[in-house]
Amino acid sequence: MAYNARVTGWVGWVWFAGMMMIMVGMFNILTGSLAIVGDDLYVTAAGRLLAFDTTGWGWIHLILGILAVITGVALSVGQTWARVVGAVLVMLNALTQMAWINVNPWWSLIVIALDVFVLYAIIVHGREAAALND
């Protein structure tokens, strides 16, 4: 079944979402790498974050960051699979930021806000970007 979407100016939101995923992914790669290499760079109140220490969360941020960069590139070029994967990754990223919030509160809140915008763009206007490739 072909979807005949009328492409509007909102398609720019999908490209915005792809670029934001790339940028947030790069930030996660940087944050994760710093947490892995020098877990004493971050100060935690209780010493542990949920089930992992700072190094464990560093690995999670690093892996999610790499996946977000790859998915962001695919989303920017209109790959349909990237919408589903991107939505899942953005939600996972927001959840990990909630767990990371006692280590880096302001940064986590900024990233969660960006995740909300990206999720909106992917879910609401993703078909328009895919229609450009048809």
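- Checking Ile29, Val69, Thr96, Val24 one by one against Leu64, the side chain to side chain contact (heavy atoms under 4.5 Å, CB included) holds for a single residue, Thr96.
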Between Gln97 and Ile110, is a side chain to side chain contact (heavy atoms under 4.5 Å, CB included) present by the stated rule, with each step listed? CA-CA 10 Å; Gln97 292 299 325; Ile110 291 168; over 6 Å; no
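- Atom CG of residue Leu119 and atom CG of residue Asn93 lie 11.0 Å apart, to the nearest 0.5 angstrom.
- Summarising the geometry, atom CG belonging to Leu89 is positioned 12.0 Å from atom CD1 belonging to Ile63; distances are rounded to the nearest 0.5 Å.
- Within a 6.0 Å sphere centred on CE of Met23, heavy atoms belonging to other residues, nucleotides or ligands number more than 12.
- Gly58 and Ala35 get closest at one heavy-atom pair: CA-CB, 3.7 Å.
- With hydrogens and angles disregarded, no donor-acceptor distance shorter than 3.5 Å links the side chain of Thr71 to the backbone of Ala68.
- Phe117 contributes atom CZ, which lies 14.0 Å from atom CD1 of Ile122 (distance to the nearest 0.5 angstrom).
- To the nearest 0.5 Å, the span separating CE on Met20 from CD1 on Ile22 amounts to 9.5 Å.
- No path of Ile, Leu, Val, Met, Phe, Trp and Tyr side chains, each step under 4.5 Å between heavy atoms, connects Leu95 with Val90, placing them in separate hydrophobic clusters.
- Hydrophobic clustering of Ile, Leu, Val, Met, Phe, Trp and Tyr side chains at less than 4.5 Å, counting indirect connections, unites Trp81 with Val88.
- Atoms CG and CE, from Leu114 and Met21 in turn, are 12.0 Å apart once rounded to the nearest 0.5 Å.
- Under the 4.5 Å side-chain heavy-atom criterion for Ile, Leu, Val, Met, Phe, Trp and Tyr, Ile123 and Val118 are members of the same hydrophobic cluster.
- Of all non-hydrogen atoms in Arg83 and Leu75, the two that sit nearest each other are CG-CD1, 3.8 Å.
- For the atom pair Ile60 CD1 and Thr55 OG1, the distance stands at 11.5 Å (nearest 0.5 Å).
- When hydrophobic clusters are built by joining Ile, Leu, Val, Met, Phe, Trp and Tyr residues whose side-chain heavy atoms come closer than 4.5 Å, directly or via intermediates, Ile112 is not grouped with Trp107.
- Both Phe27 and Met91 are assigned to one and the same hydrophobic cluster, defined by single-linkage of ILVMFWY side chains at heavy-atom distances under 4.5 Å.
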